[in-house]
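Bear in mind the structure is a predicted one, so any value in this text is a computation, not a measurement.
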Amino acid sequence: MHSLTANLFSLFTIGLVQLVAVISPGPSFLITAQTAAARSRSDGVKVALGLGSGSLLWALAALLGLNMLFHALPTLFFVMKVAGALFILWVAFQIFRHASEPLVIEDRDGAVNPFLKGLLTQLSNPKVAVFFGSIFVSMLPAEAPLWMTIALFAIVFLNEFSWYSIVAVLFGSGRIRTFYIGMKSWIDRITGLLLGALGLRLLWSARETT
């Protein structure tokens, strides 16, 4: 009984810590909000689904020891950080590039669909795996039961998907869409610049891993 209580407390703590990290603004928030406002709520939710799937993959990778692999092979971590930063910069460029164009409810990012955009955005940040690896090592029991592992993956996915679905619903509302249409060029330019700054920050931080 004591073990069950401790396991449930560990799940709750990990879920809470991850939720706080998810809510903090970053590329995922900007991309979800921009997609929902520019296109539709459903496309924003598809981005959220991609983000949740990306988190699930990183959590699985962390549980399988990718965090230790990053520490053993810093070059791999460096390459993934650079690749991720370049992807964020590409998304920023696409948003900024089309800022002055009229709103068209079609894909403005080439062949990247909303789900894939969310998935690639999440997979572009290997720090997520390090984050999961850190909290898993510090908060999970040495031999976690199967039900706890399954519950952990469910929490990780639902935290990400639920929060960004809320963001998509809010930014996909008619009132916010009307505001976005009127201010599209400025909003897209600011979004592109913020994403670009985040991408450059990732590139700059990558040097710390070499």
Calculate, to the nearest 0.5 Å, the distance between atoms [atom1] and [atom2] belonging to [X] and [Y] respectively.
X	Y	atom1	atom2	answer
Leu19	Ser162	CG	OG	9.0 Å
Phe171	Tyr164	CZ	OH	11.5 Å
Arg39	Gln34	CZ	CD	9.0 Å
Asn159	Leu16	CG	CG	9.0 Å
Leu120	Ile31	CG	CD1	9.5 Å
Lys46	Ser165	NZ	OG	12.5 Å

Closest approach of [X] and [Y], non-hydrogen atoms and distance?
X	Y	result
Gln122	Gly54	CG-C, 3.6 Å
Gly44	Thr32	O-CG2, 3.9 Å
Gly192	Ala92	O-CB, 3.3 Å
Leu89	Gly196	CD2-O, 3.3 Å
Ser28	Thr121	OG-CG2, 4.0 Å
Ser55	Glu160	OG-OE1, 2.7 Å

Between [X] and [Y], is there a shared hydrophobic cluster once you connect ILVMFWY residues whose side-chain heavy atoms come closer than 4.5 Å?
X	Y	value
Phe12	Phe153	no
Ile190	Phe93	no
Ile155	Leu146	no
Leu152	Leu8	yes
Trp147	Leu56	yes

Quiz item: So, the side chain of Arg41 versus the backbone of Val169: is there a donor-acceptor pair under 3.5 Å, distance only?
Solution: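 Pair found, side chain donor or acceptor close to backbone of Val169.
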Taking C-beta and beyond as the side chain, do [X] and [Y] meet within less than 4.5 Å on heavy atoms?
X	Y	result
Ser53	Phe157	yes
Val128	Phe132	yes
Asp188	Phe96	no

Practice problem: Dump the intermediate steps for side-chain contact (heavy atoms from CB on, under 4.5 Å) on Trp163 and Leu51, then the final yes or no. | Solution: CA-CA 10 Å; Trp163 169 249; Leu51 291 168; over 6 Å; no
Quiz item: Run the side-chain contact (heavy atoms from CB on, under 4.5 Å) check on Leu116 and Asn113 step by step: do they pass?
Solution: CA-CA 5 Å; Leu116 189 57; Asn113 63 41; 3.1 Å; yes
Quiz item: Which of these, Val45, Val47, Val167, sits in a side chain to side chain contact (heavy atoms under 4.5 Å, CB included) with Thr35?
Solution: Val47
